[in-house]
Structures are given as structure tokens and as C-alpha cells.
**Q** 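Structure provided below as C-alpha cells; questions to follow.
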Amino acid sequence: MIKMKLQDVHAFFGKNEVLKGINLDIYDKAVTAIIGPSGCGKTTLLRCLNRMHELDKNASVKGKILLDNEDIFKMDLYKVRRKVGMVFQRPNPFPFMSIQDNVLAGFLMSGKRLSKKQKEEICEKNLIRVALWEETKDRLKDLPTNLSGGQQQRLCIARALANDPEIILMDEPTSALDPISTAKIEELIVNLKNEIVIVIVTHNMQQAARISDFTSFMYLGSLIEYGVTEQIFKVPKEKLTEDYITGRFG
Ligand SMILES: Nc1ncnc2c1ncn2[C@@H]1O[C@H](COP(=O)(O)OP(=O)(O)OP(=O)(O)O)[C@@H](O)[C@H]1O
């Protein structure tokens, strides 16, 4: 089933067109990877999917992005952001909030009142989902600053999950992490895909091959090739894709 559908999406910074008519179907219960050389527009594409691109005052978008057949540009912005969460490259837990409050940050910021029991339940459930519960259950009131980078990133994923999004966008979520933390996040992504749609930007082609079901290869603002990950990596149809995945450029 198609969860998100992009139709002729163009994105600009001022007059600079950085996405040049992207058509892309993002499937439910799947991990979709976006790969391509630096500056090709991967992050911009990701940021269009939850309307973060518009935050830049110089930026604009044209085209259609449908979420469950609803045009996200006609939806309430708060609803879009609630349905489409985001995890960034560098773990960015709120440094002055406890581990528990970090998980609950979405609720705290929206002003929603929760009982102590509800808070504890939401916190436990989401820390379990990211395999961080055992490591943090005795220090939920501590600040997150003493957690390792990998733990902080899992906390950020728990924070995104706690809002019950339908899609999570991940912008190079492991590029600042060591190999063991990276492996844990990859395992987590694969486990989560049965409940949530994941779109991940990665520079690491082995990572895309390991964890994604679909891969889109971008070049200079265009989507060159999109398909099942195994096909893209084993028998790419486009020469540009082949050159990129075999390391001839990028
Ligand atoms: N805030 C901005 N203002 C102006 N131009 C920008 C801005 N952010 C990105 N760009 C430009 O838009 C183009 C696409 O950038 P984007 O960050 O989407 O590429 P990317 O593929 O994610 O790159 P990388 O892999 O290096 O992160 C680039 O030419 C970049 O210089």
C-alpha cells in the first residue's frame, strides 16, 4: 500500500531549484532509503515530507505530496508534523530535560496533561521499543547528557515514537555513531518497520542495502532510479546508478 505519494515535487532555495520534479511512492511497512552524492537534494527531499523545508524563509515547494491520499500542503501543519516525525543526524536530546521528559517532550510541548501513571507508561513503552529501557530505567530523572551517543540517538527515536507518528524520517541517523551503536540503530529500524514507515537518508550504501526495502538514487536534484533495494544494488537499470553504487563517483 502506498503511504505517501510525491507528484512532480520541485523545491527551491530562492531561485535555486534543488529538487527538479520528483515522483516517488513511499510504501507502508517498509524502509525506503534515499542515497546519492553530497548536495543532490536528499535532505531537502526528506524535509519536504513533513513540511520542514518551508521553515527556511528563502525556501519554497511546488507539486503535490499526498499522505494517505491527503495533500499535506492543505493539511494542518501540526497534524503533518504529528504524523510525520523526524530524527536528525546528530543526537539532539533536550539537554536540560530528564530522560523521561525527553521521551514525553511532544506531550509537554503541546500542553497535553498526563497523569503520573500515563507518563510512566508512555516512557517505559517507548524506551522498550528502542531497547533503551534496561539501560535507563534506574535513572529516568537524570539528564540525558551522560548517555552515550548511540543511547542519545535511541532516546531521540523514542521521543519521536512517543508521539505515535505514522512515518519517521531519519537524516543520516548513524553517521555520528560508532559501529556498535550503528548496528543497534539498524536493528531497531528493521524491527520498527512493521509498525511504522521509515524513510532514511544515508551516505552508507552498505547500510541502505542492509536495512531498506526500497532505494531511491538521486543526482543533481533528480530521482534517477527507484526500486526494490536488491534490484538497485544488483542490477541497476541506469548507468549513473551503477557508477555511483560501484564507487566510480560520489
Ligand atoms: N538553507 C539552504 N539555503 C540555500 N541552499 C541550500 C540550503 N540547504 C541546502 N541548500 C542547497 O541545496 C542543495 C541540496 O542540499 P541538500 O542538503 O538537500 O543535499 P544532500 O544530498 O542532503 O547533501 P549532503 O549529502 O551533503 O547532506 C545543495 O546545493 C545545497 O547547497
Side-chain angles (χ1 to χ4, degrees), residues 4-26 31-65 72-73 77 80-81 84-92 149 153 156-157 160 167-177 181-182 185-186 189 197-212 214-227 229 232-233 236 238-250:
M4 250 190 163
K5 192 171 190 66
L6 284 74
Q7 293 175 329
D8 198 26
V9 173
H10 298 252
F12 304 82
F13 286 106
K15 288 193 174 140
N16 186 17
E17 185 177 22
V18 299
L19 295 181
K20 299 174 181 168
I22 304 287
N23 293 295
L24 177 68
D25 289 342
I26 295 170
V31 178
T32 298
I34 304 174
I35 61 169
S38 190
C40 70
K42 303 181 293 297
T43 295
T44 304
L45 178 61
L46 205 65
R47 288 167 59 90
C48 285
L49 301 183
N50 69 347
R51 296 185 50 187
M52 270 184 69
H53 179 65
E54 300 159 41
L55 286 180
D56 191 307
K57 65 176 181 351
N58 212 9
S60 58
V61 199
K62 276 196 327 205
K64 258 193 181 169
I65 301 180
I72 66 165
F73 298 112
L77 190 55
V80 176
R81 300 268 167 78
V84 189
M86 190 147 190
V87 172
F88 298 87
Q89 183 170 9
R90 298 217 159 260
N92 60 349
Q153 193 62 306
C156 293
I157 297 173
I167 301 176
I168 291 196
L169 311 174
M170 298 188 172
D171 195 357
E172 297 187 54
T174 62
S175 65
L177 305 180
S181 303
T182 295
I185 301 266
E186 287 186 4
I189 291 172
V197 178
I198 294 174
V199 185
I200 178 171
V201 164
T202 179
H203 269 123
N204 179 333
M205 280 183 280
Q206 285 85 7
Q207 179 169 74
R210 275 194 300 270
I211 67 171
S212 73
F214 298 95
T215 294
S216 48
F217 168 62
M218 292 182 64
Y219 185 67
L220 296 178
S222 296
L223 184 61
I224 304 298
E225 188 165 352
Y226 176 54
T229 295
I232 297 281
F233 282 95
E238 302 293 330
K239 174 139 185 355
L240 258 178
T241 315
E242 184 179 347
D243 286 351
Y244 182 70
I245 61 176
T246 52
R248 270 179 227 139
F249 74 95

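For ligands, and for the atoms within them, numbers begin at 1 and follow the listed sequence.
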**Q** Measure from atom 8 (N) of ligand 1 to every heavy atom in Y219, F13, F12 and give the option owning the shortest one.
**A**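 Selected option, by shortest heavy-atom distance: F13.
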**Q** Which option out of G41, P37, S175, G39 puts a heavy atom nearest to atom 28 (C) of ligand 1?
**A**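 Nearest option to atom 28 (C) of ligand 1, by heavy atoms: G39.
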**Q** Could you check L45, I35, L46 and say which one makes a side chain to side chain contact (heavy atoms under 4.5 Å, CB included) with V201?
**A**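 Among L45, I35, L46, the one that satisfies the side chain to side chain contact (heavy atoms under 4.5 Å, CB included) with V201 is L46.
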**Q** If only atom types and distance count, is the side chain of R51 paired as donor or acceptor with the main-chain N or O of I72 below 3.5 Å?
**A**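 Checking the backbone N and O of I72 against the side chain of R51, a donor-acceptor pair under 3.5 Å is found.
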**Q** Does P37 offer a backbone N or O that forms a donor-acceptor pair with the side chain of K42 under 3.5 Å?
**A**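 The answer is yes, because a donor-acceptor pair under 3.5 Å joins these two groups.
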**Q** I'd like to know whether ligand 1 has D56 as a neighbour, heavy-atom separation below 4.0 Å.
**A**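 The answer is yes: ligand 1 sits under 4.0 Å from a heavy atom of D56.
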**Q** C40 near ligand 1, heavy-atom distance under 4.0 Å?
**A**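 Judged by the 4.0 Å heavy-atom criterion, C40 does count as contacting ligand 1.
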**Q** Compute whether any side-chain donor of one residue and acceptor of the other, for S216 and E225, lie under 3.5 angstrom apart.
**A**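 No donor-acceptor contact under 3.5 Å links the two side chains.
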**Q** Between T43, I34, I35, which one has a non-hydrogen atom sitting closest to atom 22 (O) of ligand 1?
**A**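 Among T43, I34, I35, the closest heavy atom to atom 22 (O) of ligand 1 belongs to T43.
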**Q** To check your reading of the model: name the closest protein heavy atom to atom 26 (O) of ligand 1, its residue, and the distance in Å.
**A**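 Here the nearest protein heavy atom works out to S38 OG, 2.5 Å.
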**Q** Kindly say whether G36 contributes a backbone atom to a donor-acceptor pair with the side chain of Y244 at under 3.5 angstrom?
**A**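 Looks like yes, one N/O pair under 3.5 Å.
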**Q** Check for me whether M218 has a heavy atom closer than 4.0 Å to any atom of ligand 1.
**A**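 Contact check M218 vs ligand 1: negative.
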**Q** Give the atom numbers and elements of ligand 1 that come within less than 4.0 Å of a heavy atom of V18.
**A**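 That gives atoms 12 (O), 13 (C) of ligand 1.
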**Q** Measuring from atom 27 (O) of ligand 1, which candidate in E17, E172, R47 has the nearest non-hydrogen atom?
**A**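 Checking each option, the heavy atom nearest atom 27 (O) of ligand 1 is found in E172.
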**Q** Under the side chain to side chain contact (heavy atoms under 4.5 Å, CB included) test against L49, which residue among I167, I26, L24 passes?
**A**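 Among the candidates, only I26 passes.
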**Q** Taking 4.0 angstrom as the limit, do E17 and K20 come out as a salt bridge?
**A**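 No, no charged N to carboxylate O under 4.0 Å.
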**Q** If you measure every N or O of N16 against every N or O of ligand 1, does any of those distances drop under 3.5 Å?
**A**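 The answer is no, given that N16 and ligand 1 share no N or O pair closer than 3.5 Å.
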**Q** Taking the six-membered ring for Trp, are F13 and H53 parallel (under 30°), tilted (30 to 60°) or perpendicular (over 60°)?
**A**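 Answer is perpendicular, since the angle exceeds 60°.
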**Q** Could you list the atoms of ligand 1 found under 4.0 angstrom from a heavy atom of K42?
**A**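 In order of number, 18 (O), 19 (O), 20 (P), 21 (O), 22 (O), 23 (O), 24 (P), 25 (O).
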**Q** Is Q153 close to I185 at the side-chain level, that is, under 4.5 Å between some pair of heavy atoms?
**A**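 They are in contact (side-chain heavy atoms under 4.5 Å apart), so the answer is yes.
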**Q** Check ligand 1 against T44 and write out every atom of the ligand that is under 4.0 Å from a heavy-atom position of the residue.
**A**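 The atoms of ligand 1 under 4.0 Å from a heavy atom of T44 are 14 (C), 15 (O), 16 (P), 18 (O).
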**Q** Among all the protein's heavy atoms, is there at least one whose distance to atom 30 (C) of ligand 1 comes out below 4.0 Å?
**A**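 Protein heavy atom within 4.0 Å of atom 30 (C) of ligand 1: absent.
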